[in-house]
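Computed from heavy atoms alone, side chains included, the values below leave out hydrogens, waters and symmetry copies. Protein chains get the first letters and strands the later ones, always in sequence-line order, with residue 1 at the start of each.
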Amino acid sequence: MATAAHRMDAPAALPDDLLLAVRDLKIAIGTDEGRIVPVNGVDLTLGHGRTLGLVGESGSGKSLSTKALMQLLPNTAQILDGSHLLFRTKQGSVVDLAGFAPRGKQIRAIRGGEIAMIFQEPMASFSPVYTIGNQMIEAIRLHRGFDKKAARALAIDMLGKVGLSNPRLRVDQYPHELSGGMRQRAMIAIALATNPSLLIADEPTTALDVTTQAQILALIRSLQDELGMSVLFITHDMGVIAQVADEVAVMYMGEVVEYGPTRDVVRHPQHPYTRGLLAAIPSIDQIGGRLTPIGGDLPSTRPSGCPFHTRCDQAISGRCDTVQPESTALGPSWWARCHLLGQAAS
Amino acid sequence: MLILAVRRLIGVIVTLFLVSIMVFAIMELPPGDYAERYAFRKFSGTGVQVSESDIQSIRIDFGLDRPVYERYLDWIGGIVFEFDFGQAFAYETSVNNVIGDRVFLTLALLFVTLILTYLLAIPIAIYAAVRRHSIADYSLTVVSYLGLALPNFMLALILLYVGVTVFDLDIGGLFSEEYEDAPWSLGKVLDLLAHLVIPALVLAWSATALQLQTVRSTMLDELNKLSVTAARARGLSEWRLLLKYPARLAINPVVSTIGFDVNRIFSELPIVALVLGLPELGQLLVQSYLDLDMYVAGAILLMLTFFIVLMNFVSDLLLAVLDPRVRAREG
């Protein structure tokens, strides 16, 4: 049985073609009812200039995992020992972000400067009382050391680059003076003005209407070609992933259940959960046909064995509900965690 | 911004006009007038019989016999065009002379109280919100509930007692003896400020307690906003982003309630002033009602409402300066 080819024994080693490797990330949160572990052993890799799509239901831990990269977790959350967030800085050194203090200088240099983030709600991402330019120039001056004038010039330049008409006017406007799509463009401009090597996009199109969604996706793609940054794209929408991602990681209950090239995963999904997600996408070809939802609800606590066995129609009783599946390699960079695959291979 | 200012200014003028009519109506309300009171004072116990016609002639002397609207126009005209608040009968001089100094002292007390309130409430509340659930936060909550529950004349008495017995302070009145009748000088101003601290503290007490709660809860709301996370994700240092983003918005409710604070301070002033022996307007207002010295009462009421309306106007403008959404909404 081929297992764990993607796991590295030496945690500090990051192959040259990778910008980021998340290894065995575990996050615990203290709640009133006790401690829960919503992220329980996440493994991801992201290459230079590539786009990784992180897909999963609400509560699957995808947002938490990416917040951990920037040490933006809530105060009650904690990254557990043994988690590694290896990241290659612009200077070329490899750092483990998991070891950085959430308020320290080191992570502040990474935030905005090396890893930038855009959020689901563009309106709420801006402070309503400062102009777009003000919030943009602040980041540019902080990370690039520009003076006010140069920072403003760059801000105007970036606003033009993300396709806002009349950037000279926009730079002095307040967020409420822009439309939703324009705000998300402005947010992208802020994020990319500091020339980060990684852009984390946390459901950036979910709050937008469909035509605007397509424009924003195209914009991120073209800026990626131009600026060469890597993108970590979080969404619950498999359809969006198919459009933007080179690789896809499917998350379920705090674990990555399948990881691989988007083409392969979308065409030949191997994990039953991935198949379920794909079957639930509405498609023009199937008008009249009914969508197939995944049965059942997300359990409130993590079941033993394979976390998906409570909703899986192929679950093998006595195995799936007791033994946690190891990952099975399906290709050079394609793997899934499912007992069915292990059986087929052996 | 200019349109908003002009619109609000028109509102202020209309309000002040209506208020002046109401004040004048209140002046007319008590039964009897100063002519009767004057006659009673002058001749009671002297054995002189005062007839209705004697009172009528006193009334004519004072100009109190003319119809209401004429007296109103005369009164308001004098105030607006000559800044003359009329005759203070009981003091046998003009109202301006009687209330002049006291207006100034009341305003000094008002502004020192406001500044003290905001200097205490805003930073402490922001700190408490940021360090939520800390011991500091809980003790502040207790103190601020105490502030809301404890009547301020009680506090005034306690401070008086402690000040006199422990610190040997001279906290009655507004000036030390040597400055009481001295002309204005730097020394006198400093002496006044020193005397204002205790009364201002007493008056600021409940306002601070209230604003502490307001600012703290707004700050807590703001801290959870996505825009704060976004700013943090841009790499700003914690205190810098706290002051720039949530704190800036947390003072909005304070700014928009300046008028209420002024109102509250004015309402609490008389009783505190009585306890601390301060010469201010409230006490004079009560006295002038007892004397039926209506122009003094009218001038004081008009002054107080004028400052409440004015501070509301200032608060509206400040809010528009602070929040572009307000400017956008109101042009």
Should B:Lys244 and A:Asn134 count as side-chain neighbours, where that means a heavy-atom distance under 4.5 Å?
yes

So what's closer than 4.5 Å to chain A heavy atoms on B:Arg325: side chain, backbone, both or neither?
both

Neighbour count >12 (heavy atoms, 6.0 Å) for atom CZ, A:Arg144:
yes

Taking side chain as C-beta onward, heavy atoms only, is B:Arg234 less than 4.5 Å from A:Leu142?
no

Please look at A:Tyr174 and chain B and tell me whether the side chain, the backbone, both or neither of the residue comes under 4.5 angstrom of a heavy atom of that chain.
side chain

B:Phe260 atom CZ, neighbour heavy-atom count above 12 within 6.0 Å:
no

Any side-chain heavy-atom pair from A:Ser127 and B:Lys225 closer than 4.5 angstrom?
no

Top contributor to chain B contacts, counting heavy-atom pairs under 4.5 Å, from A:His176, A:Lys105, A:Met70, A:Met117:
A:His176

Does A:Lys90 NZ have over 12 foreign heavy atoms under 6.0 Å away?
yes

For the atom pair CE (A:Met123) and CG (B:Leu226), what is the distance rounded to the nearest 0.5 Å?
11.5 Å

Kindly check if the number of other-residue, nucleotide or ligand heavy atoms within 6.0 Å of CG (A:Asn75) is above 12?
no

Find the one option among A:Ser125, A:Ala191, A:Pro196, A:Gly113 whose heavy-atom pairs under 4.5 Å with chain B are most numerous.
A:Ser125

Would you mind checking which part of A:Ile115 comes under 4.5 Å of any heavy atom in chain B, side chain (CB onward), backbone (N, CA, C, O), both or neither?
backbone

Which bit of A:Glu177 is near chain B, if near means a heavy-atom gap under 4.5 Å: side chain, backbone, both or neither?
neither

Atom OG of B:Ser227 and atom CD of A:Glu121: how far apart are they, to the nearest 0.5 Å?
11.0 Å

Enter the distance from A:Arg108:CZ to B:Arg240:CZ here, rounded to the nearest 0.5 Å.
9.5 Å

Residue part contacting chain A, namely of B:Leu249, when any heavy atom lies under 4.5 Å
side chain

